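One-based numbering along the sequence shown. Note that these values count all heavy atoms, side chains included, but never hydrogens, waters or copies made by symmetry. Everything numeric in this text was worked out from a predicted model, so none of it was measured.
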Amino acid sequence: MNKRQKLIPLNSLNLTDRFLFEEVMEDPLIHKEVLSIIFGREIPLLEKNETEKELRISPEARSVRMDVFSMDMEKTVYNTEMQKQRRADLSRRSRYYQSLTDISLLDPGIPDYSTLNDSYIIMITPFDLFGCGKYQYTFRSVCEEEPQCILEDGATRIFLNTRGRNEDEVSAELVQFLHYVEHTTDEAAEQTGSERIKHIHDRVRKVRNSEEVGVKYIQAWEEKYYEKEEARKEGLQEGREEGRKEGRKQGARNKLKEQIKKKLDKGKTVDEIADALEESADSIQTLIKEIEGD
C-alpha cells in the first residue's frame, strides 16, 4: 500500500476532513453553535439536520450531496459545506447548490414564490478562494447601476477562509473558530475563550473516541479505496485498449505512406497513385477501416 492510500487515524483528522466534519455536525445543537459563530447571533433551534443529503431534480440530471443540510424554527435553510481541496469551479458549484436547494423547497403547484425559504449556502475552506485576505466573503445579488439596491430574493452565499488576515473586520470568535477548524486539537480548544468552540470540541472528542464511528470511518475509507482501485484498473484497461487501437491506426498509416512513397519513387502522378491504391489488395477503404478501428 503506498502513502497515498494510507489510512489516516480518526484521532488525527481535523474538521477540514469531510468525514469528521459531517459526524460532528450531525448533532443539530453543535451545528447551531457553528452557525451562531458565523452569523454572530443566536440561531433559532434547528428543526431539521441532515448530513450527506442528496438533491436531484430528475434521474438524468446531476445530483449533489450536501454535507450538512438544516432548517431553523423560522424555516431558514442552511447548507454548510466543508471544501478541503481547491477547485476552480467552486463559485459555480455554489450556484448549482443554490438552484437545487430552491427546487427542493418549493412544492409543485404553489403559485406564490414569496413562500420560498430564505437560504444560505456556506462553504468553509482552508484556502483563500478569492485572494483578498478575508475570513468571510458574503454574496448577495446587487444592482450594478445602484450598488445599494439589493435584490431581496432571500438567497445568500458565504465563503469562509481559515487563513484570512482581516481580524479587525470580523468577530474574534469567528477567527478562533476558523483556526480551530484547521487545527482541531486540545490545545487549540483550550486557547480559545469561546464556550461555543469548547462545546464543538467536546463533540469532536466524543466522535473521535466512539468505537461505532471508528468502524464507520474504516468502512467508508475501504469503500472509497476500492472504488479508486476499480477506477484505476478500468483506466489502465482503457489505456491499454486505446494504445492497441492507436498502434493499429499507426500501422495502417505507415502502410499507406509506404505504398504512396513507392509510387512516387516510380514517378507516378497523384491520380495514378490513387487509382493503383484503389485496385490493390490494401485499398484505401480497407486502410480507412483499419485506421478507424472497432
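Pairs passing the side chain to side chain donor-acceptor pair (under 3.5 Å) check and including a residue from residues 174-183, sequence neighbours excluded, read T162-E182, R163-E182, Q176-T192, Y180-H201.
Counting all heavy atoms, side chain and backbone alike, V181 lies closest to T184 at O-OG1, 3.1 Å. Here the closest non-hydrogen pair linking I121 and Q98 is CG1-OE1, 3.3 Å. The minimum heavy-atom distance linking I38 with L174 is given by the pair CA-CD1, 4.3 Å. Between Y137 and G131, the shortest heavy-atom contact is OH-N, 4.0 Å. Taking all atoms of both residues into account, the shortest heavy-atom contact from P44 to K32 is C-CE, 4.3 Å.
No option in K206, K216, R208 other than K216 meets the side chain to side chain donor-acceptor pair (under 3.5 Å) test with E23. In summary, of the residues considered (I200, V68, V24), a side-chain contact (heavy atoms from CB on, under 4.5 Å) with H31 occurs for V68 alone.
Two residues are said to be in side-chain contact when any heavy atoms from C-beta on lie closer than 4.5 Å; N161 and L129 fail this criterion. Using a 4.5 Å heavy-atom threshold, the side chains of Y120 and T80 count as separate. Counting only heavy atoms from C-beta outward, the side chains of I30 and D202 never approach each other to under 4.5 Å.
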Quiz: residues 139-147 side-chain donor-acceptor pairs under 3.5 angstrom, not counting sequence neighbours:
residue	atom	partner	partner atom	Å
R140	NE	T156	OG1	3.3

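Atom CD of Q85 sits about 11.5 Å away from atom OG1 of T125, to the nearest 0.5 Å. Distance check: D89 CG to R95 CZ gives 12.5 Å after rounding to the nearest 0.5 Å. One distance of note links CG of L90 with CZ of F127; it measures 5.0 Å at 0.5 Å rounding. A distance of 6.5 Å separates CG of D128 from CZ of R165, quoted to the nearest 0.5 Å. Between atom OG1 of residue T138 and atom CZ of residue F159 there is a gap of 10.0 Å, rounded to the nearest 0.5 Å. One finds the CD1 atom of I218 at 8.5 Å from the CG atom of L10 (value rounded to the nearest 0.5 Å).
Under a 4.5 Å side-chain heavy-atom criterion applied to ILVMFWY residues, the cluster that includes V215 comprises that residue alone.
By the side chain to side chain donor-acceptor pair (under 3.5 Å) test, S91 is found to be paired with no residue, residues two or more places apart in sequence or in another chain being considered. Residues satisfying the salt bridge (Lys or Arg N to Asp or Glu O under 4.0 Å) test with R18, not counting sequence neighbours, are D67. Listed by chain and residue number, K84 satisfy the salt bridge (Lys or Arg N to Asp or Glu O under 4.0 Å) test with D17 (two or more places apart in sequence, or in another chain).
A cation-pi arrangement is present between R41 and F39, with the terminal nitrogen or guanidinium carbon under 6.0 Å from the aromatic centre and inside a 45° cone about the axis.
The closest donor-acceptor contact from the side chain of N14 to the backbone of T16 lies at 3.5 Å or more, if one exists at all. In terms of modelled atom types and a separation under 3.5 Å, the side chain of S36 and the main chain of I43 share a donor-acceptor contact. Of the possible donor and acceptor atoms, none in the side chain of N166 sits under 3.5 Å from a partner among the backbone N and O of D168. D118 contributes no side-chain N or O that, together with a main-chain N or O of T76, makes up a donor-acceptor pair within less than 3.5 Å. Not one N or O on the side chain of Y135 forms a donor-acceptor pair closer than 3.5 Å with the backbone of E169.
Shown here is R205, whose CZ atom has no more than 12 heavy atoms of other residues, nucleotides or ligands within 6.0 Å. For I8, the CD1 atom is loosely surrounded, since the number of other residues' heavy atoms within 6.0 Å does not exceed 12.
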If you apply the rule salt bridge (charged side-chain N to carboxylate O under 4.0 Å, His left out), what do you find for E81 with R93, and how did you get there? CA-CA 11 Å; E81 299 286 317; R93 179 187 289 196; over 6 Å; no
For side-chain contact (heavy atoms from CB on, under 4.5 Å), just list the numbers for M71 and K75, CA-CA rounded to whole Å, side-chain angles, deciding distance to a tenth of an Å, and then say yes or no. CA-CA 6 Å; M71 186 182 295; K75 305 301 181 184; 3.8 Å; yes
Could you check E22 against L20 for side-chain contact (heavy atoms from CB on, under 4.5 Å), going step by step and ending with a plain yes or no? CA-CA 6 Å; E22 290 179 354; L20 181 63; over 6 Å; no
Check the pair F69, T101 against side-chain contact (heavy atoms from CB on, under 4.5 Å), reporting the backbone distance first and the verdict last. CA-CA 10 Å; F69 183 92; T101 298; 4.1 Å; yes
Using the rule given for side-chain contact (heavy atoms from CB on, under 4.5 Å), can you reason through L29 versus L45, listing the C-alpha separation, both sets of side-chain angles and the distance that settles it, and then say yes or no? CA-CA 8 Å; L29 292 177; L45 186 65; 3.6 Å; yes
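The pair R196-E42 counts as a salt bridge, with a side-chain nitrogen and a carboxylate oxygen less than 4.0 angstrom apart. The residues E33 and R203 are annotated as not salt-bridged, no charged nitrogen and carboxylate oxygen being separated by less than 4.0 angstrom.
In this model, a donor atom of one side chain and an acceptor atom of the other lie less than 3.5 Å apart for Y78 and D72.
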